[in-house]
2 protein chains.
Amino acid sequence: MLKDTTSENLPLAEIAYRAIREEILNNQFKAGEQVLEKALVERFGISRTPVREACVRLEKEGLIEIKPRHGIRVKPISVEDMAEIYDILTALESEAARILAEKQLTEDDYQTLVAPTAAMEQALANDQLEAWAEADEAFHLALVNLTGNQRLKQVVLQFWGQAHRVRYFTLHLRPKPTGSTQDHIDLVNAIKAGNANLAAEIHRNHRIKGKHTLLNLLETYRFVQL
Amino acid sequence: MLKDTTSENLPLAEIAYRAIREEILNNQFKAGEQVLEKALVERFGISRTPVREACVRLEKEGLIEIKPRHGIRVKPISVEDMAEIYDILTALESEAARILAEKQLTEDDYQTLVAPTAAMEQALANDQLEAWAEADEAFHLALVNLTGNQRLKQVVLQFWGQAHRVRYFTLHLRPKPTGSTQDHIDLVNAIKAGNANLAAEIHRNHRIKGKHTLLNLLETYRFVQL
DNA sequence: GTGTACGTTAATGTATACATTAATTTTTGG
DNA sequence: CCAAAAATTAATGTATACATTAACGTACAC
């Protein structure tokens with residue numbers, strides 16, 4: 001019999017964790033917003049125990065802070081926070097690029113990088129920014145995924161999570177990301193050529209460009225709480 | 001009146017968290033060892049709730065895994081795990097080196113790097129490996145600390161925590177770390193000279209050396225559970 | 001009218017009670 | 001004596017009860 005993976009048999013704490021996390025990522029639960037445990041309890045119709053566990057996990061993940069007597073608060077991301085996050089992603093992803101260049105990748109492996117790149121190009125041609133962002137995300141995920149370093153992947157995903165709603169906010173404000181596709185193509189070529197230093201360098205520059213674009217944009221919208 | 005910072009007014013969950021963490025780091029609570037919630041509850045004389053919270057936090061931190069029905073288990077660190085950790089530290093710390101080279105550091109800032117280096121040399125001359133390790137740790141901590149990037153620091157500390165007991169295990173087995181001091185001096189000089197690429201490169205190579213020494217050693221002791 | 005002390009409220013930290021179910025033991029049929 | 005089923009145990013996930021105390025409001029002194 002088929003196992004129904006959709007019908008959830010998950011612990012309530014896990015369900016609450018995912019639900020809250022999801023709302024933070026897509027900005028339904030907004031930056032700076034505070035909510036009491038009680039409100040979460042009532043919203044989910046579960047008891048305080050699993051709600052608290054979910055909150056503890058989210059705090060460790062850097063998405064919220066627990067403010068005794070004032071509930072939990074979605075951590076706002078400042079320009080400085082975003083700079084911190086980008087520096088970390090730059091370091092880890094360019095390390096990933098380096099690692100891949102030193103590795104033997106299969107043709108399938110390359111496809112997980114090439115396919116998103118193609119999707120990005122396609123989306124850009126059709127002015128579908130959301131689709132572009134999704135494909136870009138897939139590319140960067142593939143990059144760290146292929147290293148096989150689970151911890152590296154986890155950390156990148158963690159900070160990706162913190163930055164997610166900010167990236168989404170800027171998506172329609174930034175210039176069309178026309179250069180990104182070429183950077184990705186160059187990176188894949190460097191990896192194929194086994195040129196680790198070049199691969200790392202290309203991706204570093206790619207990320208630095210992205211960081212500057214983003215930070216400049218955020219300076220303009222400094223008054224918006226993200 | 002003086003605030004007594006030693007007398008603990010901390011939440012029980014925090015106390016339990018710190019206590020368990022401490023025991024894992026110094027290898028009293030050994031790799032692979034399992035212990036039931038009940039045992040922790042009895043040991044600390046507190047209820048299950050704060051113990052559970054401590055466990056959830058430690059799991060997020062990568063130090064333990066929660067095995068339903070079997071309590072918690074200190075995650076053993078394999079050679080492969082250590083390789084993962086070193087690759088991350090290499091990426092983040094050499095990024096830190098790069099950042100510092102691009103920054104204006106005060107004389108005091110430099111001292112937080114130079115002093116541990118001197119302490120390392122001293123300790124090495126006196127064959128005090130523990131003191132050497134402590135100073136080395138101080139140097140690496142200063143490196144990430146001076147970047148001002150709190151997230152970067154947190155991640156480095158997290159993986160440092162995972163690797164801590166392994167490093168301690170190998171401390172007396174490895175060859176005397178005579179080259180480390182020079183690497184650190186070279187790094188500080190590159191930072192002072194504002195040569196970001198060189199600084200990153202020096203630290204990268206330093207870490208790669210360390211990684212190889214460590215992994216070779218661990219291969220020899222593959223049968224030991226860390 | 002204003003500031004302070006007091007009392008009240010309510011949110012959380014912690015303990016405990018309860019429900020569920022994996023694991024183990026016992027029983028039973030062969 | 002062995003294997004499968006049934007009963008029991010025990011560890012956890014969850015709910016709830018209780019204790020503490022920060023935050024707030026009120027009243028009172030001046």
Side-chain angles (χ1 to χ4, degrees), chain A residues 1 3-24 29-30 32-75, chain B residues 1-24 29-30 32-76:
Chain A
M1 182 164 37
K3 203 163 195 183
D4 185 355
T5 50
T6 61
S7 93
E8 331 241 357
N9 198 19
L10 296 170
L12 297 182
E14 179 69 24
I15 294 172
Y17 165 75
R18 292 190 192 180
I20 300 171
R21 185 170 189 280
E22 191 57 29
E23 290 195 17
I24 295 172
F29 190 0
K30 296 211 173 58
E33 198 176 330
Q34 290 195 11
V35 52
L36 295 175
E37 256 182 39
K38 197 177 175 203
L40 294 171
V41 162
E42 280 164 11
R43 175 121 73 90
F44 294 114
I46 63 180
S47 77
R48 284 178 59 211
T49 311
V51 167
R52 274 190 122 246
E53 177 170 331
C55 292
V56 168
R57 287 164 68 184
L58 290 165
E59 181 172 54
K60 266 277 187 196
E61 206 170 319
L63 288 175
I64 67 168
E65 47 190 341
I66 296 176
K67 316 195 57 162
R69 307 249 156 206
H70 299 283
I72 65 170
R73 174 166 182 264
V74 179
K75 266 196 184 167
Chain B
M1 187 169 25
L2 267 182
K3 203 163 196 182
D4 185 355
T5 50
T6 62
S7 92
E8 331 242 355
N9 197 20
L10 296 170
L12 297 181
E14 179 69 25
I15 295 172
Y17 164 76
R18 292 190 191 180
I20 299 171
R21 185 169 190 279
E22 191 58 29
E23 291 196 16
I24 295 172
F29 190 1
K30 296 212 174 58
E33 197 176 331
Q34 290 195 11
V35 52
L36 295 175
E37 257 181 39
K38 199 177 171 205
L40 294 171
V41 161
E42 282 164 9
R43 175 121 73 91
F44 294 114
I46 63 180
S47 78
R48 284 179 59 210
T49 310
V51 166
R52 274 191 121 247
E53 177 170 331
C55 291
V56 168
R57 288 164 68 184
L58 289 165
E59 180 172 54
K60 266 279 187 194
E61 206 169 319
L63 288 175
I64 66 167
E65 46 189 342
I66 296 176
K67 316 194 58 163
R69 308 249 155 206
H70 298 283
I72 65 170
R73 175 167 181 264
V74 179
K75 266 196 184 168

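By convention in this document, chain letters (A, B, ...) are assigned in the order of the sequence lines, proteins followed by strands, and residues within each chain are numbered from 1.
We find that CD1 of Ile66(B) is positioned 15 Å from C1' of dT14(D), with the value rounded to whole Å. Between the C1' atom of dT12(D) and the CD atom of Glu65(B) lies a distance of 16 Å, rounded to the nearest Å. In this structure, the CD atom of Glu53(A) is 11 Å from the C1' atom of dT12(D), given to the nearest Å. Atom-to-atom, CZ of Arg48(B) to P of dT16(D) comes out at 16 Å; the value is rounded to the nearest Å. For Ile15(B) and dA15(C), the CD1 to P distance is 10 Å, given to the nearest whole Å. In this entry the distance linking CG of Leu12(A) with C1' of dA19(C) reads 12 Å, nearest Å. If you measure from atom CD1 of Ile46(B) to atom C1' of dA15(C), you get 11 Å, rounded to the nearest angstrom. Following rounding to the nearest Å, Phe44(A) (CZ) and dT14(D) (P) show an atom-to-atom distance of 14 Å.
Minimum heavy-atom separation, Val35(A) to Ala39(A): CG2-CB, 3.4 Å.
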Which protein N or O atoms sit under 3.5 Å from an N or O of nucleotides 9-11 of chain D?
unit_1  : atom_1 : unit_2   : atom_2 : d
dA11(D) : N3     : Arg69(B) : NH1    : 3.1

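Under the side-chain hydrogen bond (donor to acceptor under 3.5 Å, both in side chains) criterion, Glu14(B) pairs with Arg18(B), Arg57(B), sequence neighbours left out. In this structure Leu12(A) satisfies the side-chain contact (heavy atoms from CB on, under 4.5 Å) test together with Ile15(A), Ile46(A), Pro50(A), sequence neighbours excluded. Shown here are the side-chain hydrogen bond (donor to acceptor under 3.5 Å, both in side chains) partners of Lys60(A), two or more places apart in sequence or in another chain: Tyr17(B), Glu61(B).
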Identify all side-chain donor-acceptor contacts of residues 64-74 of chain B below 3.5 Å with residues at least two apart in sequence or on another chain.
unit_1   : atom_1 : unit_2   : atom_2 : d
Glu65(B) : OE2    : Arg73(B) : NH1    : 2.6

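The shortest distance between side-chain heavy atoms of Arg43(A) and Leu40(A) falls below 4.5 Å.
In terms of position on DNA chain C, the residue among Ile72(A) and Thr49(A) whose nearest nucleotide sits closer to the 5' end is Ile72(A).
Put simply, Ser47(A) has no side-chain N or O that comes within less than 4.0 Å of OP1 or OP2 on dT14(D).
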